[in-house]
Number of protein chains: 2
Amino acid sequence: MTIDDVDRKLLAALQEDAGQSYAALGEIAGLSAGSAHERVRKLKAAGVIRRTTVDIDPASLGAGVLAFVLLEANAWMGDEPTQQALRDIPAVEEAHIIAGPASVLVKVRTTTTEDLQATLRALHEVDGVTSTQTVVVLESFFERQPAVV
Amino acid sequence: MTIDDVDRKLLAALQEDAGQSYAALGEIAGLSAGSAHERVRKLKAAGVIRRTTVDIDPASLGAGVLAFVLLEANAWMGDEPTQQALRDIPAVEEAHIIAGPASVLVKVRTTTTEDLQATLRALHEVDGVTSTQTVVVLESFFERQPAVV
DNA sequence: GATGAAAAAGTTTGACC
DNA sequence: GGTCAAACTTTTTCATC
């Protein structure tokens, strides 16, 4: 799909507040409400907008411990079972294959350090993982969504 | 604010799809549409729900390069100007003070490796930063929102 | 593609439990 | 707190340009 500047304006506005009316969106993008609606419908159909969701404050739910964990492995970890094993651990928010010594970098968020320990144990038990190296976050400056450039 | 199981059900359902009706939300949580509406209003007022937003596929916008950068610093980087300097770089999605050798871990997403290079240069120019260590992501398994437990 | 207006659906309020 | 229903607003469709 081709995304032009009008689409980008709509995306940025929706990222800011997905609850606003199509009339308001149209005003921002220089469109009628109907056209704004049609543009957004296409962006959703094309998968540019994956879904409308809600940004929840993790701290309010008691999830105050954040850490990044490097997983070193003795086998190729880019296969489907490995992916699924990581997905099955709820505390794992992200998992990436990286260039460099360790093979997988995961982002983990838990309520307590005991939970973090339990999650690390679960990561150790993933097939192929030989060691983990954990970096605990002391304070987060910010976590924001990808910029719409 | 006290968050009970009914609230958690609502939060999980909204995270999945913020566009669904209060009638549907009520059904999930075992509430009338009116009560679901009132609960969600309170969750928003209390800041548990920060905002309703849209999940945009970064790849569709051409943002295909992801990296994590460790910033080593010669001064305390937990101050407001440092935070703002990082915030002012659009490609920086996250910034965390970490326990360990380097002091700040940032997550960076750009369209090209040239853009990544430009971002690294910008990070080098942040006051106090003495060196950067970059880990480039080869493939992302997943990036998802914090679990509602 | 965009517009404008009508029809359908959802949100929001308020009286009552 | 929760329910129900009426009043209001927005979404969605559609004929037209």
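Each chain gets a letter, A, B and so on, in the order its sequence line appears, and its residues count up from 1. As a basis for the values below, the full set of heavy atoms in this structure was taken, side chains included, without hydrogen atoms, waters or symmetry mates. What you see is a predicted model; the values in this text were computed from it and never measured.
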Fill in the blank from the handout: Which of C:dA2, D:dG1, D:dT3 is nearest the side chain of B:L31? It is D:dT3
Problem - Inter- and intrachain pairs under salt bridge (Lys or Arg N to Asp or Glu O under 4.0 Å), touching residues 120-143 of chain A, at least two apart - result: A:K107-A:E143, A:R109-A:E143
Practice task
For the pair B:D88 (side chain) and B:A85 (backbone), establish whether a donor and an acceptor sit closer than 3.5 Å, ignoring hydrogens and angles.
Solution key: no
Practice task
Answer yes or no: does a side-chain N or O of B:S32 lie under 4.0 Å from OP1 or OP2 of D:dG2?
Solution key: no
Handout entry: Phosphate-side-chain proximity, A:S35 and C:dG1, N/O vs OP1/OP2 below 4.0 Å
Key = no
Practice task
Nearest whole angstrom, please: distance from the C1' of D:dG1 to the CE of B:M1.
Solution key: 12 Å
Exercise for the section: Say whether, by atom type as modelled, one donor and one acceptor occur between the side chain of B:T113 and the main chain of B:L116 under 3.5 angstrom. Expected result: no
Problem - Where at least one partner belongs to residues 8-25 of chain B, residue pairs that pass salt bridge (Lys or Arg N to Asp or Glu O under 4.0 Å), sequence neighbours excluded - result: none
Fill in the blank from the handout: Rounding to 0.5 Å, atoms CG (B:L31) and OH (B:Y22) come to a distance of 12.5 Å
Problem - Whole-Å gap separating P (C:dT3) and CG (A:L25) - result: 14 Å
Practice task
Consider the side chain of A:K42, meaning its heavy atoms from C-beta on, and name the nucleotide among C:dG1, C:dT3, D:dG1 that approaches it most closely.
Solution key: C:dG1
Handout entry: Heavy-atom check, side chain of A:T134 versus side chain of A:L120, under 4.5 Å
Key = yes
Completion exercise
Contact string for nucleotides 8-14 of chain D, one letter per nucleotide 5' to 3', B = base within protein heavy-atom range under 4.0 Å, S = sugar-phosphate only, - = neither, reads --SSSB-
Fill in the blank from the handout: Separation of D:dC4 atom P from B:E38 atom CD, nearest Å, is 16 Å
